[in-house]
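For clarity, every value in this text was computed on a predicted model and none was experimentally measured.
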Amino acid sequence: MITNIKKFIDSTHFTNALKVTFSAVVPALLFSYLGDFSSGFAIALGAILTYPSDIPSSLKHKVNGMLVAAFTVATINLVINLVQPYPWLFYPILLLLTFLLSMISVYGQRATMVSFSGLLAISLAFAHLHSGWEMIRYSGLLLSGGLFYLIISLLFFYLRPHRYIQLQIAQGILVTAKYLKLRGDLWELNSDRKAITKKQLHFQVELNAIHENIREVLIRNRTNVGSSNQNRKMLMTFISLVEIMELAIATSFDHNKLHQKFDDHPQVLQTYQNLAYQLAACLKTIGKSIENGTKYNAKHNLLQELQNLEVAISDYEKSVRTQEADEGVLMLNNMLHYAERQAEKIKTIERAFLQNIQANELKGRDRDLEKFIAPNTYLWSTLIENLSFSSTVFRHSARLTISILIGFIIGQILPFQNTYWILLTIVVIMRPGYGLTNERTYHRIFGTLLGGAIAFGILFFVKDTTITVSLAVLAMLLGFTYTPTNYKIGATFVTIYVVFIYALLTPNIIDVIQYRILDTSVGALLAFLANYFIWPSWEFLNLPTFISKAIAANRNYLNQISILYNQKGEVTTAYRLARKEAFVAIGNLMASFQRMIQEPKSKQTKLQQVYKLTVINHSLLSSLASLGTYIQSHKTTQASDAFNAVVNAALQNLDAAILLLSKENTIVINEDLVAATLKTRFTELNKIREREIKGNTAATDADFKLKMEEAQLVIEQLIWLTSLSESLFKETKKLLTVKNESQ
């Protein structure tokens, strides 16, 4: 329990909650002591409204984001107060502000958070309407609260400048360990491989997000402040972590075939499974050590496990006649080589946290890192390009604006106590996608009901003001801690906090609870209905774009692999960028598919086709990563014309699929001719392999074995990726056929 509590307190979410709670409670208590609670409350509100923009990134962007949020909140409050007495001006301004604030989300995550702060400020402006100099004073207090939060945030940052990135890397290591553990589970004879694969895809989506967070902070800070030993340690760890994941995806085994071949020799597969589990366990130990801030002590002897597998392979080879053992030994050696490379990368991570890392140890692996993060650009053209119903952000902005207007009118016409609670609920719940909005609607209502019941129960027995204040602060801290990770629990604690605050300000606490539940329910219902009926952003509308981007990313990755295989030499920045974009694009496609299955069944008419395309794209990425990883780690022979012809055929299939999705399918593929050409090319490749094998009788056994491995792997991967590219093209045609029929 002590360990779990320590882990909870040390988490990023608790730290962020502590910052905003401190920034809100201190001014409220101080000014309350001075007899001016309303001013302290306004400052606290300014801090709370600025808090969403405090997301991880470089220090410069962090400060700029919070400054923009603080001034946006104060300005919006002032504008609402100025125009509120004039209905002919108020309604157009309200609609324009809501729409524009929503639209700035096109500029990325930080802009989205500033947008959220601004929308919250619109909602809460109606809770404290002022006139004359008082509205200027109140807006100034909101601004001072935002600036106070900025100062507190900077203090926390300088106290532990590396803690966030350490926790993100620890989380990345732990998720990667879970992924490797699942790979070990696949070796169980009767394992549910479909369910395991589904979990692996989920972890890949999660890892994509973690990797992007790490790049955003680690690379931007390195670019701005230079390289330090701590930065080099984390960078070395991150690069190795990405390579571990790439290698895991690149190396796939036919488990059914292996089980059939080694049924009479179960010890070999059992030894390999133990090794796979040890790789995962070693990573987990490293991740826990970083997460807990303790000194790392290696508990797993990977070298001994590797030696055990070598012995098992040797025993197998001795127990089977040579002719029959050749193929099996080759398979087992591939498994051994994969494990050796993974162990080597894990050892690199271990060394990064046990020793200092010198700049030359990165050996150019940190070259052009700034190209791996998206530039922060705020061009007018970006906003203008999204002013159409083809843009998800535009549809969401229009939907939110209409919902806010309807919610405000309902609050004015009907006898609701706090109209702003309706608006606040709409802003907090409504998201561009139906699935997330639906989930948050349920969690918000559940949290409000449960939180109201708990708060009322406590207040029924507790009458002491000091205890109530203490419980309000605790509820606030826990509410902000849980909201990012578990919205249901977060909403529960936030409701408790709000009820406690109102209990201190008004004696009619039962009315407060009743109206909060009613207002929240109305806002949640409006958000749900709007997402379903007002220009809904069903995922099937976005999927063609995600599929097209995934295919294009795979196509670019294949092209860079071909260039590397033909030209040899060091891995270029273009290759590494293509690899990164392919992993990100496939992750985005899988995330889109996961959102689709959360939507109503009536909106999943192409679910099977989408699932097939998602799986094929992922398999294609696995094939490409396998080929690319082999080329990087081995000295390869000269690429043949047949190799390039097969690659070009695969590229042509991918280009055709992209054109189909863009509705510009001007290229007509003669599939019979392509198949005949490929058959000829594969025959050529096999002949080349035979000539190389026959012509190397005088070569050493090691050289001969390496050439055999290269020939076998390259040809097998070419056959596989060509088949996948053909399937991708055919499934894309089916997808569009189903789409046309449904229309």
### Task
Answer yes or no: is there a donor N or O on one side and an acceptor on the other, between the side chain of S548 and the main chain of P544, under 3.5 Å?
no

### Task
Could you label the plane-to-plane angle of the W538 and Y434 rings as parallel, tilted or perpendicular, counting under 30° as parallel and over 60° as perpendicular?
tilted

### Query
Is the backbone of S32 close enough, under 3.5 Å, to the side chain of D36 for a donor and an acceptor to pair up by distance?
no

### Message
Using a 3.5 Å distance criterion without hydrogens, assess whether the side chain of R110 forms a donor-acceptor pair with backbone atoms of I55.
### Response
yes

### Task
State whether the side chain of N588 and the backbone N or O of F546 hold a donor-acceptor pair below 3.5 Å, judged by distance alone.
no

#### Entry: Minimum heavy-atom distance between T176 and L241, given as atom pair plus value
OG1-CD1, 3.7 Å

### Query
Is there a donor-acceptor pair under 3.5 Å between the side chain of T441 and the backbone N or O of F528?
no

### Query
Do H396 and M430 pass the side chain to side chain contact (heavy atoms under 4.5 Å, CB included) test, and can you show the C-alpha distance, the side-chain angles, and the key distance before you say yes or no?
CA-CA 9 Å; H396 172 66; M430 186 174 285; 3.8 Å; yes

### Message
Has S153 got a side-chain atom pairing as donor or acceptor with Y149's backbone, closer than 3.5 angstrom?
### Response
no

### Message
Quick check: do F493 and L477 have side-chain heavy atoms less than 4.5 Å from each other?
### Response
no

### Message
Using a strict threshold of under 4.0 Å (side-chain N to carboxylate O), is an ion pair present between E439 and R444?
### Response
no

### Message
Tell me if a side-chain donor or acceptor on R399 pairs with a main-chain N or O of I534 at a distance below 3.5 Å.
### Response
yes

### Message
Can you tell me if F22 has over 12 outside heavy atoms packed within less than 6.0 Å of its CZ?
### Response
no

### Message
I'd like to know if the side chain of R395 and the backbone of F389 have a donor-acceptor N/O pair within less than 3.5 Å.
### Response
yes

### Query
Just wondering, more than 12 heavy atoms not from K549 lying within 6.0 Å of its NZ?
no

### Message
I'd like to know if the side chain of T520 and the backbone of I517 have a donor-acceptor N/O pair within less than 3.5 Å.
### Response
no

### Message
Please tell me whether R137 and S39 have a donor and an acceptor in their side chains that are separated by less than 3.5 angstrom.
### Response
yes

#### Entry: Plane angle bin for F408 and F126 - parallel if under 30°, tilted between 30 and 60°, otherwise perpendicular
tilted

### Donor-acceptor under 3.5 Å (S53 side chain, T50 main chain)
yes

## Note on the structure
Those residues at least two apart in sequence (or on a different chain) that pass salt bridge (charged side-chain N to carboxylate O under 4.0 Å, His left out) with E206 are none

